[in-house]
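To start, the structure under review is shown below, and the notes come after it.
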Amino acid sequence: MRIIRTVAEMQQYSEEHRKAGRRVAVIPTMGYLHEGHASLIQQARKNADIAVTTLFVNKLQFGANEDFSRYPRDFVRDCTIAEEAGSDALFAPENGEMYTETFSTVITVRGISDKFEGAFRRGHFDGVATIVAKLFGAVRPHEAYFGQKDYQQTLVIRRMTADLNLGVNIIVCPTLREADGLAMSSRNVYLAPEERGKASVLHRALQTASLLVQSGEIRRQEINFSMLEVLRTVGELQIDYACAAQADTLEEPEVFEETEPIVFLIAARLGAARLIDNEVWQAVK
Ligand code: PAF
């Protein structure tokens with residue numbers, strides 16, 4: 001696996017493959033890779049000819065009081081996981097390579113960025129949209145792979161890619177889960193051992209909402225309440241939100257259409273960890 005540190009080298013590497021008629025895929029990550037990332041790389045490698053994993057802890061998407069400085073990092077382990085999953089190259093630039101002294105551009109995706117994660121993490125999606133656009137500019141991929149765990153992020157990136165005519169096919173892959181249902185995340189390392197067992201309550205709440213909608217409930221407040229009831233069984237959990245919304249737009253009607261896809265979104269803090277998870281419910285046609 002080739003390790004690339006500069007944008008110029010990255011563009012040249014990609015250009016050579018594109019000229020040879022190969023399809024280039026990018027898997028953007030902030031490192032501390034886990035099986036979820038590995039599954040994205042494997043999927044990219046199946047669909048495309050060249051898989052480029054990017055590793056960059058993007059300061060721009062962290063709030064002032066967030067975990068940028070303590071975000072888990074392990075470059076050697078990341079290289080092993082990326083290579084074993086089939087990555088052809090790892091693009092791992094330094095901060096100064098991506099954000100030069102004169103850097104002045106920020107991308108804001110209005111609307112879809114404002115609620116849920118955007119409301120709790122002001123400026124977060126500006127940081128995400130800006131770095132993903134920059135990574136697309138560096139890697140010049142045909143397609144890009146993201147995990148469904150960051151559901152709102154995938155909507156923001158789709159909107160930004162379409163609005164800016166970036167011509168990158170966005171592919172969203174299912175969330176990988178631990179045996180008890182906890183969504184895999186680099187941030188799960190923040191969970192203390194006594195908290196780890198309780199963290200699966202998010203998944204149980206999502207399953208409860210799915211079953212309720214499956215049984216015919218389409219009133220938003222009732223669905224939200226069913227999630228809150230489950231989440232409240234873990235007293236230490238501090239719930240930021242537990243909401244049902246239209247899966248495509250994140251609009252929150254009082255009553256959903258019977259056939260429209262609904263996303264259930266949860267964010268909650270447990271000790272030092274902030275957990276997010278979601279599930280999309282779709283009527284069987
Ligand atoms: O999902 C992530 O890990 C990050 O938000 C991303 C897409 C790599 C941008 O920094």
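Note that ligands are numbered from 1 as they come in the structure, with each ligand's atoms numbered from 1 the same way.
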Between Lys149 and Ser185, the two heavy atoms sitting closest are CE-CB, 3.7 Å
The ring pair (Phe, Tyr, Trp, His ring centres under 6.0 Å) partners of Phe103 (sequence neighbours excluded) come to Tyr99
The complete set of ring-ring contact (aromatic ring centres under 6.0 Å, His included) pairs with one or both residues in residues 216-252, sequence neighbours excluded, reads Phe116-Tyr241, Phe120-Tyr241
Any protein N or O within less than 3.5 Å of an N or O in ligand 1? List each pair with its distance, or say none.
from     : atom 1 : to     : atom 2 : distance (Å)
ligand 1 : 1 (O)  : Gln153 : NE2    : 2.9
ligand 1 : 5 (O)  : Gln61  : NE2    : 2.9
ligand 1 : 5 (O)  : Gln153 : OE1    : 2.7
ligand 1 : 10 (O) : Gln61  : OE1    : 2.6

Of Val139, Val24, Val52, the one forming a side chain to side chain contact (heavy atoms under 4.5 Å, CB included) with Tyr13 is Val52
Check: Arg23 side chain, Asn47 main-chain N or O, donor-acceptor pair, under 3.5 Å = no
Note: with side-chain heavy atoms under 4.5 Å as the link, the other cluster members for Val76 come out as none
